[in-house]
Amino acid sequence: MTGRVTLVGGGPGREDLLTLAAVRALAEADVVLYDRLAPHERLAELAPGAELVDVGKRPGHHAVPQSEIESLLVEHALAGNHVVRLKGGDPYVLGRGSEEVLACHAAGVRVEVIPGVTSAVAVPGAAGIPLTHRGVSHLFTVVSGHAPLTDAELANLAGLGGTIVVLMGVNTLPQLVAGLARHGMRADMPVAIVERGFRAGQRTTVGDLADIVVAAGRARVSSPAVVVVGEVVRLAHDGDASAADLMARAAGFAAVTS
Ligand code: SAH
């Protein structure tokens, strides 16, 4: 009998940010293919009946190519297994989840998608940064920094107003910042970079459009990290001490209290 695939959004990395539906799917899994950014430390307990396969990717080192992950999903399901594909964050936010769904459909394999807490929203939140705030920002845009943005995209982003959230954006930060500035974004627009959200070593680096590249270089900022560009950065609270200190210098808090 053909098995099935459940694509599970694992949230930003902390086990208690898994949904109940995610925990249930793991408990019923025969095979779990998991990513580096999904919570995986206690998978042996959460999925006691399952074979656990690490298909984790590191930036620049694709451990298992996407096409192979899709083949593995389909093969295990066709062999009659309940396959859980445990992914970081939400499967449908810059996570190639839809490609995996299409691969299952193409092979005639039943597939269900369980949403997850996306890092795009939760990681800024972990640093005390709300993506919207009445009177400050009523929209946010989530964009991949995996490859540099085009000039047209940068122009649109710069003109949009509101909050810009960049995933996979550490390596392309210089192009992003230069492009936004070139298209008229103010030099004192606050920028925060939140590394390793919800994990040991979570850290926030704050600056503005003019100095964030230098600040990030000095702090040796690395992936995984979420970049936030916008006035909402000034609203951060409960960030770590260095962030609070930087923010106090970088930001006129009075400017956003109206
Ligand atoms: N589908 C995922 C995103 C996949 S892209 C989601 O919805 O969250 C991977 C990127 O997500 C990373 O490069 C980083 O930018 C971000 N990310 C995921 N987990 C993170 C974490 N715990 N801390 C900081 N950034 C994280």
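Order of listing sets the numbers, starting from 1, for every ligand and every atom in it. All values reported here derive from a predicted model rather than from experimental measurement.
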Side-chain donor-acceptor pair present, H183, D151, cut-off under 3.5 Å: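 Looking only at side-chain atoms, D151 and H183 do form a donor-acceptor pair, the distance falling under 3.5 Å.
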For ligand 1, find out whether one of its N or O atoms is nearer than 3.5 Å to an N or O atom of [X].
| X | answer |
| --- | --- |
| S119 | yes |
| V166 | no |
| A120 | no |
| L37 | no |
| E195 | no |
| V194 | no |
| V117 | no |

Which atoms of ligand 1 have any heavy atom of [X] under 4.0 Å away?
| X | answer |
| --- | --- |
| V226 | 25 (N) |
| P12 | 21 (C), 22 (N) |
| T118 | 6 (C), 7 (O), 8 (O) |

Between [X] and [Y] (side chain of the first, backbone of the second, donor and acceptor by atom type, cut-off under 3.5 Å), is there such a pair?
| X | Y | result |
| --- | --- | --- |
| D211 | D208 | yes |
| T172 | G145 | yes |
| N81 | H76 | yes |

Of the backbone atoms (N, CA, C, O) and the side-chain heavy atoms from C-beta on, which set of [X] has a member under 4.0 Å from an atom of ligand 1: side chain, backbone, both, or neither?
| X | value |
| --- | --- |
| R196 | backbone |
| P91 | neither |
| L167 | both |

So which heavy atom in the protein is nearest [atom], and how far is it from that ligand atom?
| atom | value |
| --- | --- |
| atom 4 (C) of ligand 1 | L94 O, 3.4 Å |
| atom 3 (C) of ligand 1 | V93 O, 3.5 Å |
| atom 13 (O) of ligand 1 | M168 CG, 3.2 Å |
| atom 2 (C) of ligand 1 | G88 O, 3.2 Å |
| atom 24 (C) of ligand 1 | P224 O, 3.5 Å |
| atom 15 (O) of ligand 1 | A225 O, 2.7 Å |

Quick one: do [X] and [Y] make a salt bridge, cutoff under 4.0 Å?
| X | Y | result |
| --- | --- | --- |
| E28 | R4 | yes |
| D35 | R85 | yes |
| R186 | E231 | yes |

More than 12 heavy atoms of other residues, nucleotides or ligands under 6.0 Å from NE2 of H105: yes or no?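 Enclosed.
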Can you tell me if G13 has a non-hydrogen atom under 4.0 Å from ligand 1?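 No heavy atom of G13 comes that close to ligand 1.
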